[in-house]
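These numbers were taken from a predicted model, which means no experiment stands behind them. Side-chain atoms are counted along with the backbone in the values below, which use heavy atoms only and exclude waters and symmetry mates. So that the names make sense, note that chain A is the first sequence line, chain B the second, and so on, each numbered from 1.
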2 protein chains.
Amino acid sequence: MPPTDARPASNTAWPPQSLAGLELFRGLEPAALAEVMAAALVRAVPRHTPLFHQGDPAQHCHALLSGGVRVSQTNAAGAQVALRFIGAGEMFGTVPLFTDRLYPADAETVADSVEIRWTEATLRQLITRHPAIALNLVTVIGRRLMEVQDRLREVTTGRVEQRLARALLRLAARGTASAAGTALAFPLTRKDLAELSGTTLHTASRTLAAWEKRGWLSSGRPNGRARITLHDQAALAAMAEDGRE
Amino acid sequence: MPPTDARPASNTAWPPQSLAGLELFRGLEPAALAEVMAAALVRAVPRHTPLFHQGDPAQHCHALLSGGVRVSQTNAAGAQVALRFIGAGEMFGTVPLFTDRLYPADAETVADSVEIRWTEATLRQLITRHPAIALNLVTVIGRRLMEVQDRLREVTTGRVEQRLARALLRLAARGTASAAGTALAFPLTRKDLAELSGTTLHTASRTLAAWEKRGWLSSGRPNGRARITLHDQAALAAMAEDGRE
DNA sequence: CGGCGTATTGAACCAGGTCAACGTGCGTGG
DNA sequence: CCACGCACGTTGACCTGGTTCAATACGCCG
């Protein structure tokens, strides 16, 4: 079934903390937030649904209220790279509105999700009326730039184990901690992890199996197969640091 | 000798096309440009001078009026990655003003250069008075994000020759074309090229030697040792495409 | 002209990719 | 509710691009 757009039944009824969680609108007064909310389109999207494709004309600024989205690029030869996993409260697909107007990547849900979005015209109006949004945008994109630069450094200087460890730690920062460990926020296959850390699913599988044996993490039960829980972030951090256990 | 700061002797006397070339201030009216100019600090910097270091507190928005700057990161183990080479008219070192206020990289001139910069306070004032600057900033940083994402994809999916070819083509886009070929805008050692394309200077040297033998480019004479001229961009583009010649 | 940073080139090694074959748990449909 | 099928995961054996180590040559600057 195709996902359907809808305004929230009542603007004020929609959880305001969803918006407060969006860094893009940080620091706006309640009145402005209400305005932002009123202009938004919200839709529920089942998992494994494409939200946009590489090369499509960019028409919206997207964000996620719940669920998870994989943003990935495919090169000419068909090889995939995962650029980023988007969790609740994160923005995505917004940069091309300000550059070449073409989505540079694919986006697809990896879990049942609720997406919120604004058309480009709406976003520009909002920015005009509330210039703070533009500065927030610079902050968000700037942080993302720095993160990708970090990954570029890792991938050219480090070994696979380091990158895999760091990828897990980055995901853990957005996961939920409990006594049993930190559960990652969305399901990730070995292939996902491989594409995130720049390796093959074979190597990723071997490495994860080794770490699971050491008790650093566990995958699978008691949730779906692709649910990963970290038990020893310190060990992973050490691995990410010096690449030697 | 330490580089010295100076206001241009006369604001209006300073070449206005320098500013017009800065995408950051694109679309501003002449009066606004004059304002920007009046607030700028300009200094001449000899080659091989550090402009800032990784980890330093970020205090300025920088741009280059002439010359060249290498922006690079060093990891814990001391390995270097070149994030970007900055040419005339390009902005750099501005992102951390909006994120964590710490330069994430080193910047050092690779040729005698003229730098123009604004303090953070000045930049914020300018943005407040001319909101278009904030949107230009989003565009510039967004484009850079997309470029780094491209490099990340290349480095994880492609072979060394492809990355080297692409690095050269990217640099050529900012070089000067003539009958003899396209001369790159600043001197680049084999090590620079290696750090740009994520390989070792040994492999870079071997590859460049092979390409020089095929007539795709030439290096060294008649300029300094590290001056590179491309003669067959089509061949390099083919190499960048499919990685097989 | 002497010395040092840069470049070239050869040889050996190895991390990780590739190819191949086999498990296994999840979801679906009967 | 159970059984079947398939997508996902695991594991082993082999292969190779590119790094590493090492040694020599070049060219620029003082």
Electrostatic pair A/Arg143-A/Glu23, nearest N-O below 4.0 angstrom: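 A salt bridge links A/Arg143 with A/Glu23.
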Under 4.0 Å between a Lys/Arg side-chain N and an Asp/Glu carboxylate O for A/Arg47 and A/Glu108? no
Between [atom2] of [N] and [atom1] of [X], the distance in whole Å:
X        : N      : atom1 : atom2 : answer
B/Lys191 : C/dT8  : NZ    : P     : 16 Å
A/Glu212 : C/dT24 : CD    : C1'   : 14 Å
B/Arg47  : C/dG5  : CZ    : C1'   : 12 Å
A/His48  : C/dG27 : NE2   : P     : 10 Å
B/Asp192 : C/dA7  : CG    : C1'   : 13 Å
B/Lys213 : C/dT8  : NZ    : C1'   : 10 Å
B/Arg190 : C/dG5  : CZ    : P     : 19 Å
A/Leu164 : C/dA15 : CG    : C1'   : 15 Å

Quick check: does any side chain N or O of [X] sit under 3.5 Å from a backbone N or O of [Y], one acting as donor and the other as acceptor?
X        : Y        : value
B/Gln73  : B/Ala82  : no
B/Thr182 : B/Leu230 : no
B/Asp150 : B/Glu147 : no

Could you grab the distance from atom OG of A/Ser218 to atom NZ of A/Lys213, nearest 0.5 Å is fine?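 Spacing of OG (A/Ser218) from NZ (A/Lys213) equals 15.0 Å.
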Overall bend of the helix from C/dC1-D/dG30 to C/dG30-D/dC1 (five pairs an end, 10° steps) is 50°
Heavy atoms only: give me the nearest A/His231-A/Ala180 pair and the separation to one decimal. ND1-O, 2.7 Å
Do B/Gln80 and B/Thr74 have side-chain atoms, one donor and one acceptor, less than 3.5 Å apart? yes
Per the salt bridge (Lys or Arg N to Asp or Glu O under 4.0 Å) rule, which among B/Arg170, B/Arg159, B/Arg163 passes with B/Glu154? B/Arg170
Is any side-chain N or O of A/Ser205 closer than 4.0 Å to OP1 or OP2 of D/dT10? yes
Quick one: what's the B/S/- string for nucleotides 14-25 of chain D, heavy-atom cutoff under 4.0 Å, read 5' to 3'? ----SBBBB---
